[in-house]
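In what follows, chains carry the letters A, B, and so on, assigned in the order in which the sequence lines appear, proteins first and then strands, with residues in each chain numbered from 1. Because the structure is a prediction, the values reported are computed rather than measured.
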Protein chains: 2
Amino acid sequence: MTHAGDRSRPSLLDAIHHEPLRERVAAVIREAIFDGSLHPGAPLVEKTIAEDLQISRAPVREAIRMLATEGLVDSVSYKGSTVRRLSERDVQEVYAMRRLLERYAVRQVIERGVDVSRDGLEGATSAMEEAAASGDIATLNEADERFHRQLIELADHELLLGMWTLLALRARHAIALRNVQIGDPAAVAANHRAIVDAIAAGDLERSLDLVSEHIDSGAQLVLDDWQDD
Amino acid sequence: MTHAGDRSRPSLLDAIHHEPLRERVAAVIREAIFDGSLHPGAPLVEKTIAEDLQISRAPVREAIRMLATEGLVDSVSYKGSTVRRLSERDVQEVYAMRRLLERYAVRQVIERGVDVSRDGLEGATSAMEEAAASGDIATLNEADERFHRQLIELADHELLLGMWTLLALRARHAIALRNVQIGDPAAVAANHRAIVDAIAAGDLERSLDLVSEHIDSGAQLVLDDWQDD
DNA sequence: CACGGACCGCGTGTCGACAATCGACTTCTT
DNA sequence: AAGAAGTCGATTGTCGACACGCGGTCCGTG
């Protein structure tokens, strides 16, 4: 699950240190999938993409293969690749696994007495509150994902983090398709604050319940009026 | 997690229907890792392997990349790939995730009232008992893995199955490195029988305990006298 | 002798061309 | 006209050659 460098952190180095072409291509296609330019079922033809980007097929091919392992693309030997069609069941499975993994993370964090207020969660939480207050949905969503990622990171479990990262990608895919609208930003932020508090208080049962509930409601948001393509 | 065709089922078709070269190459390297020809840390040089197999670098390259996503190989851009070095922590993480996933599967199976005696577990279980009786360790191990795989399959959750499959590969890697010796074959078979019975009886708590215990003891077998490379 | 920079070999990254496969369409046969 | 065989276009699979990054070596310099 060694996952290519963090593309969401465009540090100064990236300008110097040449990231392999396949990574950049994968990032381009991934974004196209998320922003809707590539709808589910759309064919990904190596030659076409290569010509569009004015490069050879090799890096395109590798990029597509990456996306396939990420679950964003379906590939069939000798036939071709298409943007994955997500069924309602797929979405349910993704969220079921997320719930399982995040609950496990919470358990680990509490058992090992990690200081959640100091080690990161605090930042994401207050960022969510600020974003909610100013009605900045984009930032809110970003902070939301950061919150959950940091929660997983606090469990200090590389394999867990790797698997969760894959799930997060697939969740983003589902969310992108449905253009999910958050009901009440302030409530979302408050939920996260409550989770932090419960963990900090060492209340395992309450933490698990809150996390489950939060993830289930997220799933519900995506699944409402879902129609299989 | 779309995983290349089932390589363990060499049907008649495989002779006709050309499986892409990369798959066969991946299978060869994977086996070499499991049987110890390629020890942890051993470099995987595309050109060398390609020449050994008398093919070009392209399929070798893709095969290595597959193994990397399976967690059997470490790849670093512009530097190269090596057989993954497994730390004690890696092994612990793999087994921790297996425990989490298999417990989840058990929960699902019981909640949904799947008929475990009819739908597959019975076959693997009795196969284990026979293998144990005749002292056939290889068959025992094979039936063991089949048992767990079928347990996961009964949960009817594709994503779960995909993630579990990855974990199983990594577990096999660890087991291969330690040449694990099973203490008492009959006891192992009996444990699985007990799990089937508990599930069939719908006894959730007992089923979870048995599964946890079984996986933990498996982990212990691998971890005994583990020395990080 | 320590240190910094140019050089060089190794291996991966990328390229353009050719081969194999698949599915659909066409055509031949009865 | 129906069915089977053959053909064709589109796309992936494989190939060999060249480009580039990386790390170690060797040399010059203070």
Side-chain angles (χ1 to χ4, degrees), chain A residues 2-5 7 11-29 32 38 41-70 72-85, chain B residues 2-5 7 11-29 32 38 41-70 72-85:
Chain A
T2 355
H3 242 338
R7 226 152 293 86
S11 83
L12 218 42
L13 285 156
D14 291 343
I16 312 288
H17 190 290
H18 254 46
E19 197 178 22
L21 200 41
R22 60 169 176 275
E23 310 271 4
R24 283 175 287 171
V25 174
V28 167
I29 301 177
L38 287 173
L44 296 175
V45 179
E46 296 173 5
K47 185 159 170 277
T48 308
I49 298 174
E51 283 167 358
D52 284 355
L53 302 177
Q54 311 234 28
I55 58 181
S56 80
R57 275 178 53 210
V60 175
R61 188 180 174 73
E62 299 194 352
I64 290 177
R65 212 158 275 286
M66 285 180 171
L67 298 173
T69 73
E70 290 172 4
L72 302 180
V73 163
D74 275 332
S75 272
V76 181
S77 292
Y78 296 110
K79 286 191 55 179
S81 304
T82 57
V83 176
R84 175 154 188 175
R85 291 177 194 274
Chain B
T2 356
H3 241 338
R7 228 151 293 88
S11 83
L12 215 44
L13 286 157
D14 291 344
I16 312 290
H17 188 292
H18 252 53
E19 198 180 21
L21 201 41
R22 60 169 177 272
E23 310 271 4
R24 285 175 285 171
V25 173
V28 166
I29 301 177
L38 287 173
L44 296 175
V45 180
E46 295 172 6
K47 185 157 166 271
T48 309
I49 298 174
E51 283 167 359
D52 284 355
L53 302 177
Q54 312 236 26
I55 58 180
S56 81
R57 274 178 53 208
V60 174
R61 188 178 173 76
E62 298 194 353
I64 290 177
R65 213 158 271 287
M66 284 180 175
L67 297 173
T69 72
E70 291 172 5
L72 302 180
V73 163
D74 275 332
S75 273
V76 181
S77 292
Y78 296 110
K79 285 191 58 177
S81 303
T82 57
V83 177
R84 176 154 186 176
R85 292 178 195 273

Closest approach of B:S75 and B:I64, non-hydrogen atoms and distance?
OG-CG2, 4.0 Å
How would you label the contact of A:L44 with the nucleic acid (heavy atoms, under 4.0 Å): base, sugar-phosphate, or nothing?
sugar-phosphate
Toward the 5' end of DNA chain C, which comes first, B:T48 or A:L21, by nearest nucleotide?
B:T48
Selection from D:dC22, C:dT14, C:dC22 that lies nearest to any side-chain heavy atom of A:P20:
C:dT14
Do A:L72 and A:R84 come close enough that some side-chain heavy atom pair is under 4.5 Å?
no
Taking CD from A:E62 and C1' from D:dT12, how many angstroms apart are they, rounded to a whole number?
15 Å
A:E46 atom CD is separated from D:dT14 atom P, nearest whole Å, by 11 Å
Output the distance between atom CG (A:L38) and atom CG (A:L67), rounded to the nearest 0.5 Å.
10.0 Å
Rounded to the nearest Å, what distance is computed from the OH atom of residue B:Y78 to the C1' atom of nucleotide C:dG13?
6 Å
Phosphate OP1/OP2 of D:dT12: any A:R61 side-chain N/O under 4.0 Å
no
Side chain of B:R22 only, please: which of C:dT14, D:dT11, D:dG13 is the nearest?
D:dG13
Distance check, rounded to the nearest 0.5 Å: B:L21 atom CG versus B:E23 atom CD?
10.0 Å
Figure out the CD1/C1' separation between B:I64 and C:dG13, and round it to whole Å.
13 Å
B:E23 CD to D:dG13 C1': how many Å, rounded?
12 Å
Send over the distance from A:D74 CG to D:dT12 P, rounded to a whole Å.
14 Å
If you measure from the Lys or Arg side-chain nitrogens to the Asp or Glu carboxylate oxygens, is any gap between B:R61 and B:E46 under 4.0 Å?
yes
Between B:V73 and B:S81, what is the shortest heavy-atom contact and its length?
CG1-CB, 3.8 Å
Trace of the side-chain contact (heavy atoms from CB on, under 4.5 Å) decision for A:E62 with B:R65:
CA-CA 9 Å; A:E62 299 194 352; B:R65 213 158 271 287; 3.9 Å; yes
How many Å lie between CZ on A:R65 and P on D:dT11, as a whole number?
17 Å
Expressed as a whole number of angstroms, how long is the span from B:K47:NZ to C:dG13:C1'?
15 Å
Using a cut-off of strictly less than 4.0 Å between a heavy atom of the residue and any atom of DNA chain D, enumerate the qualifying residues of residues 53-60 of chain B by number.
B:I55, B:S56, B:R57, B:A58, B:P59
